[in-house]
Protein chains: 2
Amino acid sequence: MKLTEAKQQFISSWGAFGTHWGINRTMAQIHALLLITPDPLTQDDIMEQLNISRGNTNMNIRDLINWGLVERVLMTGERKEYFSAEKDIWKVVKQIVKERKKRELEPMLKLLDQLEEVEGDKRDKNIKSFVDTVSSIKKLGRQADKTLDVMIKAEENWFVGNLVKLFK
Amino acid sequence: MKLTEAKQQFISSWGAFGTHWGINRTMAQIHALLLITPDPLTQDDIMEQLNISRGNTNMNIRDLINWGLVERVLMTGERKEYFSAEKDIWKVVKQIVKERKKRELEPMLKLLDQLEEVEGDKRDKNIKSFVDTVSSIKKLGRQADKTLDVMIKAEENWFVGNLVKLFK
DNA sequence: ATATATTTTCAAAAATTTTTGAAAGTTCGA
DNA sequence: TCGAACTTTCAAAAATTTTTGAAAATATAT
């Protein structure tokens with residue numbers, strides 16, 4: 001397979017992949033493009049390579065920056081802004097985990113705390129079933145939260161080494 | 001908070017939560033409803049409680065069954081089909097992990113294998129950057145794949161106990 | 001076998017999300 | 001201060017996803 005074709009494949013699969021994770025196709029594609037491009041790219045480069053409009057490009061780059069996955073790069077003597085993606089995949093994964101934890105897991109745990117305090121007789125079958133479900137989700141959620149905290153701080157070696165040993 | 005309100009909140013948040021994970025709102029809501037309802041429900045019960053059409057209900061129940069999260073229950077002497085969700089959250093999580101691994105992670109790893117074999121001189125900066133990215137994603141992906149395999153087989157106690165100790 | 005209850009399908013409609021592109025805003029050198 | 005280069009915004013259009021509901025298919029009781 002030729003490089004051009006391989007790149008194309010990677011970008012398009014990464015985009016499709018993203019949609020299974022609540023990330024829009026274009027955002028994932030821009031990320032993919034920046035991941036496999038050694039040098040920083042401008043908005044125009046990205047627009048051209050992915051065939052998307054200026055506005056779309058701009059918005060999705062902004063999102064990627066908010067996610068901490070892409071950064072603006074200033075080239076000396078150049079007026080245009082350049083963009084480049086973090087290439088260390090372990091760092092990328094940790095960053096995504098960190099953000100999703102903050103955006104999704106933590107608010108969910110907060111809500112579950114409230115729901116657990118539902119009024120009424122705990123012997124009522126309906127109340128019991130509700131509280132049991134909420135409690136067990138909360139318990140697992142808290143556990144996951146702690147586990148992810150450690151993961152976020154860990155080095156890749158730690159993950160690949162220790163954890164895997166444990167699993168044997 | 002009253003039970004009715006708490007249930008409503010849970011269902012609607014679970015639905016919103018689902019959309020961040022590429023799952024449609026209704027499917028997540030039906031799942032939530034079945035999780036907190038002690039007895040199995042019929043299609044009509046679900047339609048009524050969530051205010052959705054018959055077709056929509058039917059399709060999403062089918063999806064939930066395909067995901068292995070809901071099962072048909074036959075009530076003796078009843079003609080209608082009833083549905084009930086697995087209530088053990090650890091089992092639910094494992095089932096979801098298992099399915100997503102099969103549907104997403106494994107095909108992605110297969111693709112990366114192919115992409116890694118791109119033609120050309122590895123000293124070319126563009127080829128090198130591409131191959132490096134693909135390889136490192138593959139490496140981490142394979143690791144995750146193995147780790148998830150162990151997790152799928154594990155008991156909840158193992159997760160809550162051993163893993164957490166390791167993390168301290 | 002027929003009538004009735006129940007489930008499934010799927011084309012069209014509705015809702016939602018994404019994309020576009022032109023206008024407004026900003027930055028910066030001369 | 002002006003004007004060109006560049007970036008950002010956002011209402012409208014396009015694309016995509018989800019939902020509806022009525023018709024078709026299937027199952028069951030009599």
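These numbers were taken from a predicted model, which means no experiment stands behind them. Numbers restart at 1 for each chain; the letters A, B, ... are given by sequence-line order, proteins then strands.
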Identify each donor-acceptor pair in which a side-chain atom of residues 3-19 of chain A lies under 3.5 Å from a protein atom, sequence neighbours left out, and give them as a table.
unit_1  : atom_1 : unit_2  : atom_2 : d
A/Ser13 : OG     : A/Gln9  : O      : 2.8
A/Thr19 : OG1    : A/Ala16 : O      : 2.5

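- Heavy-atom distances under 4.0 Å link DNA chain D to A/Met59, A/Arg62, A/Arg72, A/Arg79, A/Lys80 of residues 59-80 of chain A, given in residue order.
- Legend: residues meeting salt bridge (charged side-chain N to carboxylate O under 4.0 Å, His left out) with A/Arg100, ordered by chain and number and at least two apart, are A/Glu104.
- Remark: B/Thr42 pairs with B/Asp44, B/Asp45, B/Lys80, B/Tyr82 by the side-chain contact (heavy atoms from CB on, under 4.5 Å) rule, at least two apart or across chains.
- As rounded to whole Å, 13 Å separates atom C1' of D/dT7 from atom CD1 of A/Ile46.
- Applying the side-chain contact (heavy atoms from CB on, under 4.5 Å) test to A/Thr37 and every residue at least two apart in sequence or in another chain returns A/Leu33, A/Leu41.
- A/Asp113 pairs by the salt bridge (charged side-chain N to carboxylate O under 4.0 Å, His left out) definition with A/Lys138, A/Arg142, not counting sequence neighbours.
- Contacts with DNA chain D (heavy atom under 4.0 Å) in residues 18-38 of chain B: B/Asn24, B/Thr26, listed by number.
- Of all nucleotides in DNA chain C having an atom under 4.0 Å from a heavy atom of chain B, the first and last in 5' to 3' order are C/dT4 to C/dC10.
- Not a single side-chain contact (heavy atoms from CB on, under 4.5 Å) links A/Pro107 to another residue, sequence neighbours left out.
- Applying the side chain to side chain donor-acceptor pair (under 3.5 Å) rule to pairs touching residues 61-77 of chain B yields B/Arg72-B/Glu81, sequence neighbours excluded.
- Remark on DNA chain D: of its neighbouring residues B/Gly55 and A/Phe83, the 5'-side contact belongs to A/Phe83, judged by nearest-heavy-atom nucleotide.
- Between the side chain of B/Lys94 and the main chain of B/Ala154, a donor-acceptor pair closer than 3.5 Å is present.
- Taking A/Phe130 as the reference, nothing meets the ring-ring contact (aromatic ring centres under 6.0 Å, His included) condition, with sequence neighbours excluded.
- Residues meeting the salt bridge (charged side-chain N to carboxylate O under 4.0 Å, His left out) test with A/Lys87, sequence neighbours left out: none.
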